[in-house]
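Numbered from 1 within each chain, the chains take letters A, B, ... in sequence-line order. This one's a predicted model, so the numbers in the text were calculated from it and none came from an experiment.
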Number of protein chains: 2
Amino acid sequence: MIERGSRPATLVDVARLVGVSASTVSNVVRGSNVVAAPTRRRVLAAIEELDYRPNALARQLLQGRATTVGIIARDLRNPFIAEMASLLEREVARLGFAAMFCATDGDPEREDQAIGLMLDNRVSGLVFLSLLGRPSLIAAKVGGRLPAVFVAAEEPWADSVTVDEHRGGEIVARHLVGLGHRRLAFLGPQQPDRADMRRLEGFLRAAGDSGLKPTVIAWDPPDGSPSIDGNPVDWVEILAGPIPATGIFAANDFAAIDLIDVADTLGVHVPQALSIVGFDDVDMARLRRINLTTVSQPRDALVRLGVEALLGRIDGRIVGEPRVTLASVSLKVRGSTAPAP
Amino acid sequence: MIERGSRPATLVDVARLVGVSASTVSNVVRGSNVVAAPTRRRVLAAIEELDYRPNALARQLLQGRATTVGIIARDLRNPFIAEMASLLEREVARLGFAAMFCATDGDPEREDQAIGLMLDNRVSGLVFLSLLGRPSLIAAKVGGRLPAVFVAAEEPWADSVTVDEHRGGEIVARHLVGLGHRRLAFLGPQQPDRADMRRLEGFLRAAGDSGLKPTVIAWDPPDGSPSIDGNPVDWVEILAGPIPATGIFAANDFAAIDLIDVADTLGVHVPQALSIVGFDDVDMARLRRINLTTVSQPRDALVRLGVEALLGRIDGRIVGEPRVTLASVSLKVRGSTAPAP
DNA sequence: GCATGGGGTTGGAACGCTGCAACCCGCGTC
DNA sequence: GACGCGGGTTGCAGCGTTCCAACCCCATGC
C-alpha cells in the first residue's frame with residue numbers, strides 16, 4: 001500500500017501557497033466568475049499541486065444538509081429490487097447526489113436504525129424502495145422532517161411513484177380466464193404490503209366479474225410453508241390436492257420462480273397442468289428455462305419519476321399534498337401460461 | 001404530508017432549554033459519565049421534547065472523517081454482486097458505519113466520479129466489490145489516501161479478500177475431465193479482471209495436466225457476440241461445431257446461466273450434449289430448471305473478512321504491506337454436468 | 001480635482017459540534 | 001484558616017467551508 005499521506009490539503013493551504021485569500025480560492029473552486037483569469041490559473045495550479053479536494057462535510061454543514069439521498073430498500077436478493085436500486089443510484093448520481101444505501105430485509109429494527117442514520121447524516125431526501133415494514137412508524141420518524149418518496153410502493157403521507165397495481169391484477173385475471181382457467185389462486189407474502197394488496201384486489205375484482213373466487217395463499221419463498229387464511233397447507237393440496245388451482249398469480253417474479261420450482265419438484269407440469277403468472281418482469285424471466293408470463297413494470301420510468309418527485313420536494317419546486325404518480329403496466333405473455341387442462 | 005418543521009433543533013437549543021451549557025449536553029449525548037445523574041435526566045428530557053438529533057456532519061467535520069464507508073461495485077444486476085453488496089452493507093451497519101454506495105457498470109468515468117464523491121465526503125474507507133475497471137487509475141486516485149479493500153477481487157496495492165480462484169479453476173477442470181470431457185472451453189468477459197484470469201489459469205493448468213488445451217471464448221452476456229482470440233465466432237460453431245466443446249467453464253454464474261439459455265435456443269441439450277459449470281453459486285443456481293454445477297464462494301466469510309480488514313486499517317490496528325486473505329471454494333455438483341457424450 | 005463606478009479581492013462571522021483548560025464550590029485535612 | 005482535592009460544569013477555540021459586506025484601486029466623467 002502506498003504510504004498514507006498526512007492530512008489532506010485544505011482551502012487555506014491552497015490560499016497560502018498562492019498568496020491569496022481563502023475566499024478567492026473558494027470562489028475558484030465553486031466556479032464563480034468574479035475571479036480574474038490570471039489569479040484563477042494560479043489557484044488551479046496550486047490545487048493541482050497540493051492535490052486539494054474540497055471537504056464536502058464542511059460545505060454540507062454550512063448548507064444545513066448533505067448532497068446525499070438515502071435509499072432504503074427491502075431486500076437486495078430480489079432481483080427486481082436490486083435492479084431498481086442500481087437504476088436509482090445511477091439517477092441520483094447523475095444529478096450530483098451521493099447515494100446512501102440501506103437494506104432492511106423487512107426488519108423493523110434495522111429500518112429504524114437506517115432512518116436514524118440517514119437523518120443524522122442530514123440527507124436531502126429519502127427514497128423508499130418497495131418497502132415492507134410498519135408504515136406508521138416510518139411516518140412518525142420521517143414525516144415532515146424530510147422529503148420522501150416511495151418508489152414501487154405507496155404510502156398516503158408521502159409522494160409515491162408506482163404502477164397501476166390494480167390494473168395489473170385485472171390483466172392477469174383476464175388472461176387466465178381467457179385461457180379457460182376456473183380455479184384461480186393468488187400467492188402473496190405473509191405480510192402483504194399495499195402494492196400486494198392492490199394486485200390482489202384487481203385480481204379478485206376481474207375474477208369476480210367472471211364469477212370466480214380465487215384462493216389466497218400466503219407464502220414467503222423459498223423457506224416458509226404456505227398457508228390459507230392462516231392455516232398451513234401442503235403444496236400437494238394446492239397443486240394436485242383438493243384445491244387444485246390451475247392458474248396461480250404470484251405477487252412477484254421472485255415468488256413465481258420459486259413456485260415454478262415447487263411445481264417442478266412435485267412433478268406438476270407448467271404450463272400444461274398449471275399456469276403461473278408473475279409480476280415485475282425481472283431480467284431472468286425471459287430465460288427459456290423460466291419463460292415466465294408476467295406483468296412488466298417500467299423500471300426506468302419509475303426511477304426517473306421518483307427521483308424527479310423527490311428533487312422537486314427538495315428544492316421546493318413541488319409543495320403541498322402528497323401525490324401519487326402512476327405508470328402503466330403491460331402483460332408479457334410467455335410460456336408459463338397455457339389453456340386450462 | 002405532515003408539514004415540514006422549521007430547522008432541526010441543535011445542541012445549544014437543548015442547552016438553552018435546560019439552562020445548562022452546550023458542553024454538558026454534548027457530554028450527555030456522547031454518553032460520557034462525568035455528568036451528574038439529575039442533570040443528565042433533565043437533558044435527556046429536553047432532547048426528547050425538542051426531538052433533537054445530533055448533526056453527524058458537524059461531528060464528522062471535527063473528526064476529519066465521516067463514519068461512512070464507500071462501497072463501489074460493478075453491476076448490481078449480477079445476483080452474486082447484489083447479494084454481496086447487501087451483506088456488506090449489513091456488516092458495516094452493524095459496526096456503526098453508514099454505507100455510501102455506487103455501481104459503476106464497468107464505466108471508468110462513473111468509477112472515477114464515484115471515487116471522487118467518496119473522497120470528498122471523507123469516507124473512512126472504501127470497499128471495492130468485484131470491480132472491473134482500470135486498476136492503475138483507481139490506485140492513482142485512492143492509493144494511500146484512504147484504507148481500501150478489494151472483496152471478491154484482488155489488487156496488489158490494497159488488501160484483498162478473495163477465494164482461491166486458481167484452485168476453483170482446477171477443480172472445475174478435474175470435474176469435467178473426470179466425466180470424460182476432452183474438448184473444453186473457458187468462457188470469460190471481453191475484459192477479464194484478475195479473478196477471471198486466475199480462474200482461467202487454474203483451469204488451463206489442470207486441463208494441461210491431462211493433456212488438454214481448452215479454447216478460450218470471450219463473451220459479455222446477454223447482448224455481446226462471442227469471440228475467440230479477438231475473432232468473432234458463432235455460437236453454432238462452438239456448440240455444434242467445428243469447435244464442438246463438450247464441457248464449458250463459465251467465469252461466473254451470470255454468464256453460465258445465459259450460456260444455458262443460448263444452448264437451449266440452439267437445441268443443444270444440457271447436460272447430455274454439453275456440460276456447463278459456473279462460478280459463484282448464486283441463489284438461483286439451485287433452481288431445478290437451472291440446476292447449475294458451480295463453484296461456491298463463501299459469501300459470509302468474504303464479507304466478514306473484508307470488513308474486518310478494512311476496519312483494521314481504519315483504526316490503525318493493521319499496518320504495513322497489503323495482505324491477501326484467501327477463503328476456500330467448493331464444487332457444488334448439480335445437473336448441468338454429465339459424462340461426455 | 002473630486003465624485004462615481006465597478007472589477008477584483010479580502011476579512012470575518014457563521015454552520016453545529018468536540019476537546020481541553022479553566023473554573024467553581026463544598027468538603028476533608030493539617 | 002489556608003490548602004488541596006475532585007466531581008461537576010463552563011467557555012472558548014477550532015474543524016473547513018460559504019457568504020456577505022467592506023474595501024482597494026484604477027478608470028471614467030464632469
Provide, to the nearest angstrom, the distance between the [atom1] atom belonging to [X] and the [atom2] atom belonging to [N].
| X | N | atom1 | atom2 | answer |
| --- | --- | --- | --- | --- |
| B:Arg16 | C:dC17 | CZ | P | 12 Å |
| B:Arg65 | D:dC15 | CZ | C1' | 15 Å |
| B:Leu57 | D:dG16 | CG | P | 15 Å |
| B:Asn121 | D:dG16 | CG | P | 16 Å |
| B:Asp13 | C:dC17 | CG | C1' | 13 Å |
| A:Arg41 | C:dG8 | CZ | P | 13 Å |
| B:Gln60 | D:dT17 | CD | C1' | 15 Å |
| A:Asn27 | C:dG7 | CG | P | 15 Å |

Problem set entry | Aromatic ring pairing B:Phe128/B:Phe150, orientation class (parallel under 30°, perpendicular over 60°, tilted between) | parallel
Exercise. Is the shortest side-chain N/O distance from A:Thr39 to OP1 or OP2 of C:dT9 below 4.0 Å?
Worked result: yes
Exercise. When you check the phosphate oxygens OP1 and OP2 of D:dC19, does a side-chain N or O of A:Arg30 lie under 4.0 Å from one of them?
Worked result: yes
For this session: Remember a base hit wins even if backbone is also touched, and classify B:Val29 as base, sugar-phosphate or nothing at under 4.0 Å, heavy atoms.
Result: nothing
For this session: Quick one: label B:Arg40 by what it contacts on the DNA or RNA (base, sugar-phosphate, nothing), any heavy atom closer than 4.0 Å.
Result: nothing
From [options], pick the nucleotide closest to the side chain of [X]?
| X | options | result |
| --- | --- | --- |
| A:Ser21 | C:dT18, C:dG11, D:dT10 | C:dG11 |
| B:Leu11 | C:dT18, D:dG8, D:dT10 | C:dT18 |
| B:Ala36 | C:dG8, D:dG8, C:dT18 | D:dG8 |
| A:Arg59 | D:dT17, C:dT9, C:dG16 | D:dT17 |
| B:Leu62 | C:dT9, D:dG16, C:dT18 | C:dT18 |
| A:Val34 | D:dT10, D:dT18, C:dT9 | C:dT9 |
| B:Thr24 | D:dG16, D:dT18, D:dT9 | D:dT9 |

Exercise. Going by modelled atom types, is there a donor-acceptor pair between the base of C:dG11 and the side chain of A:Ser23 at under 3.5 Å?
Worked result: yes
Seminar exercise, completed: By nearest-heavy-atom nucleotide on DNA chain D, the more 5' of B:Ala58 and B:Arg42 is B:Arg42
For this session: Could you tell me whether A:Asp107 and B:Arg90 make a salt bridge, using a distance below 4.0 angstrom between a side-chain N and a carboxylate O?
Result: no
Exercise. Thinking salt bridges, do A:Glu155 and A:Arg194 make one under a 4.0 Å N-O criterion?
Worked result: yes
Spatial distance of atom [atom1] ([X]) from atom [atom2] ([Y]) [nearest 0.5 Å]:
| X | Y | atom1 | atom2 | value |
| --- | --- | --- | --- | --- |
| A:Leu88 | A:Leu302 | CG | CG | 9.5 Å |
| B:Met84 | B:Ile71 | CE | CD1 | 10.0 Å |
| B:Asn55 | A:Leu119 | CG | CG | 11.0 Å |

